[in-house]
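To keep things clear, I will list the structure first and then write my remarks on it.
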Amino acid sequence: MHEGSDDIIDTKSSERFAFVVVSNRLPVDRVERGGKGEWQHSPGGLVTAIEPLMRANGGAWIGWPGIADREFEPFESEGSWLVPVALTEREVEDYYEGFSNGTLWPLYHDVIAPPAYHREWWETYVEVNRRFAEQAAAVAEDEGTVWVQDYQLQLVPAMLRQLRPDLTIGFFNHIPFPAYGIYSQLPWRRQIVEGLLGADLIGFQRNADAGNFARAVRRLFGYSAKGTIIEVPDERAGGGSRTVIARHFPISIDAQGYEVLAEDPDIRRRAVEIRRELGDPKVVMLGVDRLDYTKGIGHRMKAFGELLAEGRLTVEEAILVQVASPSRERVETYKALRDEIELTVGRINGDYSTIGHQAISYLHHSYPRNEMVALFLAADVMLVTALRDGMNLVAKEYVASRVDEDGVLILSEFAGAADELKSALLVNPHDIDGLKDAIMTAIAMPKRERAIRMRALRRRVLEHDVQRWSTSFLQVLERTRPAGAPSLVAPDASDDSAE
Ligand code: GDG
């Protein structure tokens, strides 16, 4: 945690960096309390993956600090040089809540909710992307590497290449890339693809996402896209072309970090205590999601509600704990979703709970990571029923936490994680009867089968952790660099992106 940057002496504002990460949000949040501001470190998967690289290579991180209408000087935090990008309240509304979360998010998640197309939102998206690109151009060293993250910044690669053709540029898309039949709705479909093609390497979660992108390139521009290689005409190459690679690099978690927490005696005690507080039911089922319409929270509640209605389960034997962390609360669709979910919880609890036993324990809060791990350890069945999800880190966190090799993961085939976690019980969350059967199968699964499945899942997650993800991405990116440019990653680290 840092004191207000106002007090930090800016000694390095003209310094430039060999490695620059650009993401919508910085790895810290600006929090203002009682007239005093401070920076709070917000450790997520991406931060854990990228911080060691930052320390080793002298990196800078460019992003919005999470508060509108404020300007902050760059400052140092946990070995990285942080460069806050200022956004006005109107820009937050149009670029972030509007175009990113009201247009791109639903479109890229297969129009589960209808995307809104507003020209003012698009114009602000272009302006804000330009600001991020200009910041990156200002802090990247000659022939440096810039890694741009996610759908909020898809125009940055081409804008940056225009400003700084000497740079090596990577982009990673954390959410799905939809099939062309859906993508083609976007009035600015050419501009976005052109923006992404400014990168040397474009990473996706699933092979299918990379394939959808390559097809969009062929349909919109007619460029040759064979396998993972796309040839993009380049004026600078004197009528020749540049090569852009588009392939999948499934993101992961700090698996070891979760294991360490899961071995902690305090957290293990807490897991036992949670079960007791829930009334020691035979079966604890758990869902942990941002409160988002892509996560299929309503679908799993419907399935559970029907099992109670049919008497296949009772509240004495099973409880569903649903952590729904608050998310994008100013966006209309999210307000409506919250109402809908809370109505469902109220109905199911009203119909089936008893004085001593609740059907659904619904928690609309964020919890510290320790508590999450205790919940994972307390849960016999983990429900990940996303209707569409780039990866779904929660599925991997559950698996990494189960050092006891117990617990059953029910996983939607529409989550990217399903490509890797094949020993889970895979479900189609739209098929409510199938989901109900999977829940009953999970509950009845013999201990031996649970252990066999969990061991296989754990092997995958522990071997393919987030460190491996970032290393393999940067390794492939490095191969696109001109010979002789300084290296960011050790050459012997494994590249498993094509698995
Ligand atoms: C996007 C893509 C892709 C949630 N509530 C709490 C909490 N969390 C943590 C989870 C997990 C993370 O937030 C959520 O990650 P997911 O992958 O599940 O989903 P998105 O937020 O939609 O993430 C997704 C991801 O980017 C990475 O590329 O996998 O597909 O949509 O780490 O544990 N953490 C704590 N308290 C909470 O209440 N501490």
Side-chain angles (χ1 to χ4, degrees), residues 21 23-25 27 29 40-50 100-101 104-110 112 147-153 171-178 203-206 208-209 248-255 257-258 261-262 267 286-297 321-329 331 334 337 362-376 379 382-401 409 411-421 461 464-466 469-470 473:
V21 169
S23 62
N24 173 55
R25 289 295 294 269
D29 293 325
Q40 272 180 9
H41 197 241
S42 56
L46 186 64
V47 179
T48 324
I50 288 171
S100 298
N101 292 332
L104 294 172
W105 180 269
L107 182 72
Y108 281 31
H109 288 87
D110 287 356
I112 297 169
W147 192 1
V148 183
Q149 308 288 329
D150 230 359
Y151 63 103
Q152 302 92 350
L153 300 174
F171 179 91
F172 187 78
N173 197 53
H174 290 255
I175 67 173
F177 194 89
F204 295 93
Q205 302 277 27
R206 301 178 98 158
D209 300 318
H248 70 298
F249 297 86
I251 200 169
S252 192
I253 57 163
D254 171 19
Y258 276 88
L261 291 177
I267 295 179
L286 175 67
V288 172
D289 311 81
R290 279 187 307 99
L291 186 45
D292 194 294
Y293 51 81
T294 59
K295 303 292 182 183
I297 300 170
V321 179
Q322 176 65 54
V323 176
S325 42
S327 183
R328 305 176 188 173
E329 293 194 289
V331 178
Y334 288 77
L337 172 76
Y362 169 78
L363 308 155
H364 184 248
H365 322 281
S366 256
Y367 286 95
R369 189 180 291 184
N370 288 6
E371 183 76 355
M372 292 303 220
V373 173
L375 276 166
F376 290 145
M382 183 76 209
L383 281 159
V384 176
T385 56
L387 306 176
R388 189 46 91 192
D389 215 333
M391 176 55 61
N392 196 289
L393 296 180
V394 171
K396 292 186 171 182
E397 290 163 0
Y398 178 66
V399 167
S401 302
L409 173 64
L411 176 60
S412 164
E413 60 193 67
F414 302 115
D419 281 2
E420 297 175 82
L421 304 182
V461 173
H464 295 76
D465 64 0
V466 72
W469 168 76
S470 60
F473 182 93

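Small disclaimer: the values here were computed from a predicted structure and weren't measured. Start at 1 and go down the list; that is how both ligands and their atoms are numbered. Computed from heavy atoms alone, side chains included, the values below leave out hydrogens, waters and symmetry copies.
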Ligand-side contact atoms (ligand 1) for residue partner G390, heavy atom cut-off under 4.0 Å: 30 (O)
Interfacing atoms of ligand 1 (cut-off 4.0 Å, heavy-atom, S325): 4 (C), 5 (N), 6 (C), 38 (O)
Y258 and Y398 aromatic centres sub-6.0 Å: no
Closest non-hydrogen atom pair, D389 against P176: C-CG, 4.0 Å
Under 3.5 Å: N/O of M372 near N/O of ligand 1: no
Contact check: N392 vs ligand 1, nitrogen or oxygen atoms, below 3.5 angstrom: yes
Which of the ligand 1 atoms, numbered from 1, are nearer than 4.0 Å to a heavy atom of R290: 20 (P), 21 (O), 22 (O)
Distance-minimising heavy-atom pair for L409 and L421: CD2-CD1, 4.0 Å
Within-shell test, Q205 vs ligand 1, heavy atom, strictly < 4.0 Å: yes
Sub-4.0 Å atoms of ligand 1 with respect to non-hydrogen atoms of R369: 39 (N)
Proximal ligand 1 atoms for W105, defined as those under 4.0 Å from one of its heavy atoms: 22 (O), 31 (O)
For E413, all residues meeting salt bridge (Lys or Arg N to Asp or Glu O under 4.0 Å), sequence neighbours excluded: none
Residue V394 vicinity, atoms of ligand 1 by number, heavy atom under 4.0 Å: 10 (C), 18 (O)
Parallel, tilted or perpendicular: rings of W105 and H109 (30°, 60°): tilted
D389-ligand 1 polar pair, N/O distance under 3.5 Å: yes
Partners meeting salt bridge (Lys or Arg N to Asp or Glu O under 4.0 Å) with D465 (sequence neighbours left out): none
Centroid separation F177 to Y108 less than 6.0 Å: yes
Under-4.0 Å heavy-atom contact with ligand 1, by part of K295 that carries it: side chain
Enumerated ligand 1 atoms positioned under 4.0 Å from heavy atoms of I251: 27 (C), 28 (O)
Minimum non-hydrogen distance to atom 35 (C) of ligand 1, winning option of Y367, Y398, F376, F172: Y367
Side chains of R328 and R290 in contact at under 4.5 Å (non-hydrogen atoms): yes
Heteroatom distance test (P368, ligand 1): nitrogen or oxygen, under 3.5 angstrom: no
Polar side-chain atom of E420 near backbone of V461 as donor-acceptor pair, under 3.5 Å: no
